[in-house]
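Just follow the structure's listing: the first ligand is 1, and inside any ligand the first atom is 1. Source: prediction; values computed, not measured.
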Amino acid sequence: MKRNKVVAGNWKMHLTANEAQQFANKLRINLLDTHGVSIIICPPFLGLKSVFDTVKDSSIKVGAQNMHNETQGAFTGEISGEMIKDIGIQYVLLGHSERRHVFGETDDFINKKMASSLRVGLDPVLCVGERLEEREAGKTSEVVIRQLRAGLKEISEAQMAHVMIAYEPVWAIGTGLTASREQAVEVHEIIRDELASLYSGVIAEKTAILYGGSVKAENAKDLMSHEEIDGVLVGGAALKVDSFVGIAKAAMEIN
Ligand code: 13P
């Protein structure tokens, strides 16, 4: 089954609202026609509105980097999925390795966010991935399957139409060490097999699985040229117009 490629940029804690708006405008001008590739940019919360307003008439989509699972309440400093949805945003990254390992988010908390995001009509990107010591101990498959099962607990087959998975090996994030295409494909296949056993072969075939971890314009095409890699989730290289546009164009050539 042919799945359209996805190129998502996670800006992490970079760019003020003004800078984000200017940057989004440059991307809009450079990516007028995306040739069927889904382009998603994920600014920090404060940039969401200005970025969304800048690209809303283009084919670029916008995502948040996180959310809280509760709709409202005494959760100082938090932002709910409903608040994100309310300003027109479609996507949200959940379970990013920095949320898991820097902020201590558990599989259970991430699962609550998954359920909540889908309830309010957002399309979540569930991020999974092993740490270096886990890979070295031969536990990659075990870790990724655990994160996947826990993150998708009680998510229905119908809801899966709105879910993407991102495989981001922690050792490849921000390190310049990209997983080889073979390493990425191996884990993508594990994820797809698990989706087939949790849901069905059809759901597994339809779900986009992105790779993330030191993706650059130079390696994006090689990674995405494999049919198992449906796109990329880009950190550092998403913060420069030329490199992000280069990655997007690589996806367009393959799509
Ligand atoms: P880098 O592309 O900077 O390695 O970051 C990847 C990432 O964490 C995207 O979510």
Side-chain angles (χ1 to χ4, degrees), residues 5-15 20 23-24 27 37-45 47-48 51 60-67 84 89-105 110 113-114 117 122-132 134-135 140 143-144 147-148 151 163-181 183-184 187-188 191 208-224 229-251:
K5 299 288 183 198
V6 179
V7 173
N10 174 8
W11 296 356
K12 306 193 179 183
M13 198 174 73
H14 294 281
L15 306 180
F23 190 76
L27 292 181
V37 173
S38 294
I39 309 284
I40 306 167
I41 48 179
C42 304
F45 285 130
L48 281 175
V51 165
I60 301 176
K61 304 281 196 306
V62 185
Q65 298 172 14
N66 184 30
M67 56 171 265
I84 294 166
I89 306 299
Q90 184 179 349
Y91 295 95
V92 62
L93 306 179
L94 293 177
H96 189 277
S97 84
E98 286 142 24
R99 300 302 318 170
R100 291 177 189 269
H101 303 303
V102 182
F103 298 100
E105 291 192 7
I110 294 160
K113 295 179 188 219
M114 283 293 294
S117 68
L122 289 166
D123 293 355
V125 180
L126 173 64
C127 305
V128 298
E130 82 288 2
R131 307 169 95 153
L132 184 60
E134 292 164 334
R135 171 163 284 263
T140 299
V143 169
V144 166
Q147 292 173 339
L148 199 65
V163 174
M164 283 191 267
I165 309 294
Y167 167 55
E168 297 205 304
V170 181
W171 49 270
I173 296 178
T175 57
L177 278 177
T178 319
S180 66
R181 192 175 60 179
Q183 284 173 318
V187 181
H188 281 222
I191 293 171
I209 306 176
L210 317 185
Y211 166 79
S214 298
V215 174
K216 315 180 234 335
E218 296 74 39
N219 57 25
K221 195 165 178 186
D222 178 53
L223 286 159
M224 284 188 281
I229 300 181
D230 299 315
V232 286
L233 179 53
V234 188
L239 291 167
K240 291 203 183 84
V241 174
D242 287 356
S243 57
F244 190 68
V245 169
I247 295 167
K249 295 219 158 127

ask   = Is the side chain of Lys5 donor-acceptor paired with the backbone N or O of Met224 at a distance under 3.5 Å, no angle test?
value = yes
Atom 2 (O) of ligand 1: closest protein heavy atom, distance to 0.1 Å, is Gly235 N, 2.9 Å
- Item | Heavy-atom side-chain proximity of Val6 to Val37 below 4.5 angstrom | no
Quick note on ligand 1: atoms under 4.0 Å from a heavy atom of Ser214 include exactly 1 (P), 2 (O), 4 (O)
Checking heavy-atom distances from atom 8 (O) of ligand 1 to each of Glu98, His96, Lys216, Gln65, the winner is His96
Query raised in the report: Are the charged groups of Arg100 and Glu105 less than 4.0 angstrom apart, N to O?
Result: no
Under 4.0 Å between heavy atoms, the region of Ile173 that gets near ligand 1 turns out to be both
Check whether any heavy atom of Gly176 sits under 4.0 Å from an atom of ligand 1. no
Quick note on ligand 1: atoms under 4.0 Å from a heavy atom of Ala172 include exactly 4 (O)
4.5 Å side-chain heavy-atom contact, Tyr211 and Arg181:
no
Note: Pro43 and Trp11 closest approach over all heavy atoms is CB-CE3, 3.5 Å
Can a non-hydrogen atom of Ala237 be found less than 4.0 Å from any atom of ligand 1?
no
for atom 9 (C) of ligand 1, nearest protein heavy atom and its distance come out as Glu168 OE2, 2.9 Å
Check: Less than 4.5 Å apart, any side-chain heavy atom of Ile173 and any of Lys12?
Finding: yes
The atoms of ligand 1 lying under 4.0 Å from a heavy atom of Gly174, numbered in the order shown, are 1 (P), 3 (O), 4 (O)
Quick note on ligand 1: atoms under 4.0 Å from a heavy atom of Leu233 include exactly 9 (C), 10 (O)
**OP:** Go through Thr178 and Lys216 one step at a time and tell me if the side chain to side chain contact (heavy atoms under 4.5 Å, CB included) criterion holds.
**Re:** CA-CA 9 Å; Thr178 319; Lys216 315 180 234 335; 3.8 Å; yes
Practice prompt. Could you tell me whether ligand 1 has any atom less than 4.0 Å away from a heavy atom of Gly212?
Written response: no
Could you check whether any side-chain heavy atom of Tyr91 comes within less than 4.5 Å of a side-chain heavy atom of Leu122, counting everything from C-beta outward? no
Could you tell me whether some N/O pair between Gly236 and ligand 1 is separated by less than 3.5 angstrom? yes
Here the atoms of ligand 1 under 4.0 Å from any heavy atom belonging to Lys12 are 5 (O), 6 (C), 7 (C), 8 (O)
* Asked: Heavy-atom distance under 4.5 Å between the side chains of Met114 and Leu126, does that happen here?
  -> yes
